[in-house]
A.B. asks: 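This is the structure, below, for whatever I ask next.
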Amino acid sequence: MTAEEWYRADRLPHIYCAGCGNGTVINCTLAAVEELGWRREETVFISGIGCSSRAPGYILTDSLHTTHGRALAFATGVKLANPGLNVVVFTGDGDLAAIGGNHFIHACRRNVDMTVVCMNNMIYGMTGGQGSPTTPPGAFSTTTPYGSGEPAFDLAELAIAAGANYVARWTSYHVKELVKAIAAGMRTPGLSFVEVMTQCPTNYGRHNRLRRVSDMIEYLRTHALLVQKKERLVQEGKTVPDEMFTVGELVRRNRPAMGVRR
Amino acid sequence: MSRVEFMQGNTACAEGALAAGCRFFGGYPITPSTEIAEHMARALPKRGGVFISMEDELGSIAAVIGAAWTGVRAMTATSGPGFSLMMENIGFAVMTETPCVIVNIQRGGPSTGQPTRAAQGDMLQCRFGSHGDYSTIALSPASVQEMFDLTVKAFNLADRYRVPAFVMADEIVGHMRERVTIPDAVEIVPRRKLEPGQLPFDGGEDGIPGFAQFGSGYAVHVTGLTHDERGYPDTMDAEAHDRLVRRLIGKIESARFDIADYEVENPDAETVFVTYGPPSRTVLQLLHDMPDEGIGHLRLRVVWPFPEFALSVFANAKVFLMPELNMGQMAREVQRHVDQPVIPIPKLGGDLHTPAELKQALEAYR
């Protein structure tokens, strides 16, 4: 396991709660890095604020843990100033879609050559479980005590509409597919966006009758609808259940990109 | 061979940045600073540099900080509202000791205020505007030549002290056209490099850590959280926070004699004007029109860290007069350091004080 060489052993133990999905996502990302054979000194992990954004602190490369929502703007500066660096951004649903929404759409539009991995746990985890832009309608949180009354963002659709070259969505249950998707994203010039639906048993599951980690992972597994299956349902004129989300490779294209290594 | 040109202040600022080796500009259009971005957009690609128009000022300063960590000299330029938007990430640059230059072509505020008129209303914001305790460096040009010279100097100070450095200009000096002498080469003070075995946030004797740019193999962790000398978050240890914040402030304040840059006229005078930026020009005109050794003038080119020792040069001073394009922002700082009365002479609306107005003040207070 060369992935071990990529961890800052002196930073352990990490801050993540028992049963958190973020470790799985970090592990899958490093497995993809290993598959690509990237070198540590040529790789930078960048993040904003939140549970997801603590990830770069555990990885033994240059790492930039920035301000809330701004990771993609920092990453744009790093990548354009030195296209020779491999840039990976870890972010979360609050960081990316709420306070950082503007930077998200513009980074996708510019198609800056980087890989963005979003740990979407549908909640502001670090501050104790407040409703975020991806909290499903009706879901409970400390700021939606009567069930969320807002529609939720579909982050992958947003990235596609804004112009990212590669967009995929998986869950923390689909680890093999996730590694493949992140690696495919890393190989694609331009911005690659990989959304990972992940469990926060502490601050999401606890309020939504998914208290056990296995219940949350089961929820993600049973609500994930493979994109090919969804298309078949649509073709057959059948209804796609509202509470399902599509998973799979959603876009792979070759729009002009910025910051690609020459 | 230097060359002499007739140019606008904002252009001179951009030329100064290019001469200093700036190779990254991230910005967002805002009056009255936009000419700097336009000049950099034309010039940087020809020099192998990067110009990017970001989606807002929060993104501009973020991209600049990111670029700075790859080792390039990086800058942004903005004005009041954009400067306000940059405040959080300016604090991030302070905390992570990221060298970069931020030019503020000040205009009338608060809020949208007077986009096309000059002011010096952000002089305290550049010192105290981000949350928490810190110190920074701010320069104040009074001519188009100084737009060039002080922009070069800002890059050197930013790299020397590992801080964001501010060029606190204004609409007058930004849009004014004057003769500028542009040298073939300018002095470049490089960032001190991190040496093997050193920790990336260990300040050593002078409080300034060595810099390891991204890609140099040091695997540096850069965070806005309170961190130890390794750069690792250490947010619950009171002593670690105290040590870090005192070092961030101390490395600037203890160097204020070295950073200071000011001019003294008539040190034996009893009545002393203290100025920075364009109001200095009115005082110079006044002293030219009515030479009087009883009138002193302290002109600051470096405003922060404040050089309080420069005030004591005027041993016979009975009163300090401070014409500023604000309601007396720096007069508060001066009064903190002297026993004599400090009289603010505010001017709002965008025009400079006239010599007659300063003469009137002189007659009222000397």
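Protein chains get the first letters and strands the later ones, always in sequence-line order, with residue 1 at the start of each.
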A.B. asks: Are A:Arg8 and B:His221 side-chain neighbours, meaning at least one heavy-atom pair lies under 4.5 Å?
C.D. replies: yes
A.B. asks: Take A:His103 and B:Asp56 through the test side chain to side chain contact (heavy atoms under 4.5 Å, CB included) and record every step on the way to the result.
C.D. replies: CA-CA 9 Å; A:His103 306 301; B:Asp56 54 33; 3.3 Å; yes
A.B. asks: For each of A:Pro56, A:Ala73, A:Ser63, A:Gly77, tally heavy-atom pairs with chain B at distances under 4.5 Å, and name the one with the top tally.
C.D. replies: A:Ser63
A.B. asks: Are any of the side-chain heavy atoms of B:Asn89 and A:Arg70 separated by less than 4.5 Å?
C.D. replies: yes
A.B. asks: Among the options B:Phe24, B:Tyr232, B:Trp69, B:Tyr218, pick out the one with the most heavy-atom pairs lying under 4.5 Å from chain A.
C.D. replies: B:Tyr232
A.B. asks: Between B:Glu55, B:Glu88, B:Met95, which shows the greatest number of heavy-atom pairs under 4.5 Å with chain A?
C.D. replies: B:Glu55
A.B. asks: Distance check, rounded to the nearest 0.5 Å: B:Thr223 atom OG1 versus A:Ile49 atom CD1?
C.D. replies: 6.5 Å
A.B. asks: Given that the side chain runs from C-beta out, which part of A:Arg39 has a heavy atom under 4.5 Å from chain B: side chain, backbone, both or neither?
C.D. replies: neither
A.B. asks: Would you say that more than 12 heavy atoms from the other residues, nucleotides or ligands in this model lie under 6.0 Å from the CZ of B:Phe51, or not?
C.D. replies: yes
A.B. asks: Give the member of B:Ala68, B:Gly71, B:Pro233, B:Gly224 that has the highest number of heavy-atom pairs under 4.5 Å with chain A.
C.D. replies: B:Pro233
A.B. asks: Kindly give the heavy-atom pair with the smallest separation between B:Phe214 and A:Leu85, and that separation in Å.
C.D. replies: CB-CD1, 4.0 Å
A.B. asks: Between B:Arg23 and chain A, with a heavy-atom cut-off of 4.5 Å, which part of the residue counts as in contact: side chain, backbone, both or neither?
C.D. replies: neither
A.B. asks: Determine the minimum heavy-atom distance between B:Val72 and A:Ala81, stating which atoms define it.
C.D. replies: CG2-CB, 4.3 Å
A.B. asks: Roughly how far, to the nearest 0.5 Å, is the CD1 atom of A:Ile15 from the OG1 atom of B:Thr235?
C.D. replies: 9.0 Å
A.B. asks: At a heavy-atom distance under 4.5 Å, which candidate from A:Leu80, A:Asn102, A:Asp62 has the highest pair count against chain B?
C.D. replies: A:Asp62
A.B. asks: Answer with side chain, backbone, both or neither: which region of B:Thr96 has an atom nearer than 4.5 Å to a non-hydrogen atom of chain A?
C.D. replies: neither
A.B. asks: Checking heavy atoms, do the side chain of A:Thr66, its backbone, both or neither come under 4.5 Å from chain B?
C.D. replies: both
A.B. asks: Tell me whether the count of non-hydrogen atoms from other residues, nucleotides or ligands lying under 6.0 Å of CD in A:Glu35 goes above 12.
C.D. replies: yes
A.B. asks: Flag yes if more than 12 heavy atoms outside B:Phe211 fall under 6.0 Å of its CZ atom; otherwise flag no.
C.D. replies: yes
A.B. asks: With the side chain counted from C-beta on, respond yes when A:Arg110 and B:Met54 share a heavy-atom pair under 4.5 Å apart, and no when they do not.
C.D. replies: yes
A.B. asks: Any side-chain heavy atom of A:Asp10 sitting closer than 4.5 Å to one from B:Arg230?
C.D. replies: yes
A.B. asks: Under 4.5 Å heavy-atom distance to chain A, tell me which part of B:Val64 shows up: side chain, backbone, both or neither.
C.D. replies: neither
A.B. asks: Does atom CZ (A:Arg261) have a neighbourhood of more than 12 heavy atoms from anything else shown, all under 6.0 Å?
C.D. replies: yes
A.B. asks: May I ask you to test the A:Phe74-B:Phe92 pair for a side-chain heavy-atom distance under 4.5 Å?
C.D. replies: yes
A.B. asks: Name the member of A:Lys79, A:Met258, A:Arg54 that forms the most heavy-atom pairs with chain B at distances under 4.5 Å.
C.D. replies: A:Arg54
